[in-house]
Amino acid sequence: MARTDDLPFLISGGGIGGLAAAHALARKGFPVRVLEQSAELREVGAGIQLGPNIFRALGKLGLKDPVLADAWEPKAQEMRDALTGKSVTRIPLGKDSFQRFGEPYAVTHRHDLHAVFLSACKSNNLVTLETQQRLIDFEDTGDGVVVRLENGDGIKGRALIGCDGMWSRVRERIVGDGAPRVSGHIAYRAVLRREQVPDDLWQPDIVLWAGPRTHFVHYPLRRGELYNLVAVFHSDRYEEGWNTEADASLLWQHFNGQRPEVLRLLEKIETWRMWVLCDREPIKDWSKGNVTLLGDAAHPMLQYLAQGACMATEDAYWLAEKVAETPGDLPAAFRAYQEQRYLRTGRVQLMARVYGEFYHARGVTAELRDQMLSARTPQDAYDGIEWLYGSM
Ligand SMILES: Cc1cc2nc3c(=O)[nH]c(=O)nc-3n(C[C@H](O)[C@H](O)[C@H](O)COP(=O)(O)OP(=O)(O)OC[C@H]3O[C@@H](n4cnc5c(N)ncnc54)[C@H](O)[C@@H]3O)c2cc1C
C-alpha cells in the first residue's frame, strides 16, 4: 500500500487560486493533482488590478516578470464624480508608489495571470492537471483523504485544498455556513480593442467614475492593446455563478444622466457579461484535519479593493511555506496557514464593503466623501493603504 506521504495533494478547482497553490506546493517538492470541473483550464472575465502586495508574493513564487510582461502599469488611479465630471482624488501609482511599497501596481487580463500560473504548473512534473473532474464529496480518513467525483471515481490524496471558489463544495462540508451573501450589486464587464476606443476617451490611468448607487471603471490591458470596462450598479437580481450574458437596458436605467464621457464609452459595448456580486462574513477556521480552503472558497470578497486574486496568490505562498515547515503534520500546517491569513483576509473582506459604500454614495454622503478624499495628499493615501500594499 502506498504511504500517504507519497500521495499527491489534491486541489479542487483550477482557477487562479488552485493553480497558484499547485505551483507553490510543487516548488517545495510536493506532488499535486489539480481537479477542475470545467472541460478546459481557462479563465473567463476581464481585467483585474494587481496591487503591490501580489507582486511581493509573485516575486517569492518566481513569477513576477512573466506577469509584468503582459500587464499594463498605469501611472495613476483617479476618482471622478460621474455627475459633475470633477476629479475627486488622484493617487500616483508609478515611481512614487513604487518607492513607497517597493513593488509595482499593474492591471492585467485575468486570462493572462491564469496563463502564467498554468504555464508554471505545466513545466513542473510534480503537477498533474485534470479537467472534467467535478468534486462532489470527500472523506478525511485521518491519514489522508478520498475525493469523490461526479463520474463516480474516488481519488486518494494526502490532503485536500478546496480552491473551488465562491460556491465551494468543500467549504459547504467543512464550514457549512450556507449560501454566500448577495450584496445587491451587479457588475457588467466588457473588453474592447484599443482601436474601438475613441482617442479622446482613451486614458492610460485607472479611472473610476463614482455615481449615485453606481460606479464605472476603465483602464488599458495587455500592454495597452485592450481596454477594460466595468460598470457596477445596485439591483436585487440574483443568479448563482458568474459570467452570464447581461441585459444592457438594465444598465442604461442606472447610468442615465451621467457624464457624456461615461455614456459614450458605455455605448461602445455590444455584449456585456454580468457578475452578481456576493461575499461572506469573515471566519477564522477554514481548515479541518487534512482539508483546508484557499482563495474565494476561504474568504470571498467584493471586488472594491481589487484584491480577490491577490489574496488567493498570497494564500498560495503561505500555504506552501507552512506545509514545508511541518510536512509530517498537515492538520497543524493548515492551522498555521489559516492563523497567518485570517485577519488580513478578513480585513480585506470588510474594507471592500466600506469602499463599495463610498463609491456608490449619494447626497450629503457623496459630498463628504469628495471633501475627505480631495483633502488627501498622495502620502496620506499611501499611509491609509500601507496595511495592505506594504506587506503580504
Ligand atoms: C467584477 C470583479 C472584479 C474583480 N476584480 C479583481 C481585481 O481587480 N483584483 C483582484 O485581485 N481580484 C479581483 N476579482 C476577484 C478575483 O477574480 C477572484 O477573487 C479570484 O479569481 C478567485 O480565484 P479562485 O481561484 O479562488 O476562485 P475561482 O476563480 O472562482 O475558481 C474556482 C475554480 O474551481 C472550479 N470548481 C468549482 N467547483 C468545483 C468542483 N466541485 N470541483 C472541481 N472544480 C470546481 C471552477 O470551475 C473554477 O475553475 C474580481 C472579481 C469580480 C467578480
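Whatever order the structure lists them in is the order used to number ligands and atoms, beginning at 1.
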Between R353 and D279, is there a side-chain N and carboxylate O pair less than 4.0 Å apart?
-> yes
Return a yes/no value for R169: is any of its N or O atoms, backbone included, closer than 3.5 angstrom to an N or O of ligand 1?
-> no
Counting heavy atoms only, which of C163, S12, G13 is nearest atom 32 (C) of ligand 1?
-> C163
Based purely on interatomic distance, does G308 place a nitrogen or oxygen under 3.5 Å from a nitrogen or oxygen of ligand 1?
-> yes
Shortest non-hydrogen contact between L330 and A159, atoms and distance = CD1-CB, 3.8 Å
With atom 29 (O) of ligand 1 as the reference point, say which of E43, M301, E36 has the nearest heavy atom.
-> E43
Could you say whether the N/O atoms of L135 and ligand 1 ever approach to under 3.5 Å?
-> yes
Ligand 1 atoms in contact with R110 (distance to a heavy atom under 4.0 Å) | 16 (C), 17 (O), 21 (O), 29 (O)
State whether the shortest distance between N or O atoms of W275 and N or O atoms of ligand 1 falls below 3.5 angstrom.
-> no
Hydrophobic cluster identity match, I16 and M311, side-chain contacts under 4.5 Å = no
Please determine if R341 and D315 form a salt bridge, counting it only when a charged side-chain N lies under 4.0 Å from a carboxylate O.
-> yes
Should one rank E40, E150, Q49 by closest heavy-atom distance to atom 9 (N) of ligand 1, which comes out on top?
-> Q49
Can you tell me if M311 has a non-hydrogen atom under 4.0 Å from ligand 1?
-> no
Parallel, tilted or perpendicular, as decided by the 30° and 60° cut-offs, for the rings of W209 and H218 = tilted
Could you state whether F358 and Y382 fall into the same hydrophobic cluster, counting links through intermediate Ile, Leu, Val, Met, Phe, Trp or Tyr residues with side-chain heavy atoms under 4.5 angstrom apart?
-> yes
Contact with ligand 1 for V230, non-hydrogen, under 4.0 angstrom | no
Atoms of ligand 1 under 4.0 Å from any heavy atom of I16, numbered from 1 in the order shown, are 25 (O)
Side chain, backbone, both or neither: L35 near ligand 1, heavy atoms under 4.0 Å | backbone
Would you say the side chains of H215 and Y304 form a donor-acceptor pair under 3.5 Å?
-> no
G295 heavy atoms within 4.0 Å reach ligand 1 at atoms 26 (O)
Against heavy atoms of A306, which atoms of ligand 1 measure under 4.0 Å?
-> 7 (C), 8 (O), 9 (N), 10 (C), 11 (O)
Cluster overlap L319 with L343, hydrophobic side-chain contacts below 4.5 Å | yes
For ligand 1, is there an N or O atom under 3.5 Å from any N or O atom of Q303?
-> no
Pair K28 + E321: basic N to acidic O under 4.0 Å = yes
Nearest neighbour of atom 23 (O) of ligand 1 from the list G17, G15, C310, A352, on a heavy-atom basis = G17
Residues R194, D199: salt bridge by 4.0 Å N-O rule = yes
Option nearest atom 19 (O) of ligand 1 (shortest heavy-atom distance, choices D315, T108, D296, L149) | D296
Which of the atoms of ligand 1 are close to S38, meaning less than 4.0 Å from one of its heavy atoms?
-> 47 (O)
Residues E261 and R80 bridged, charged N to O under 4.0 Å | no
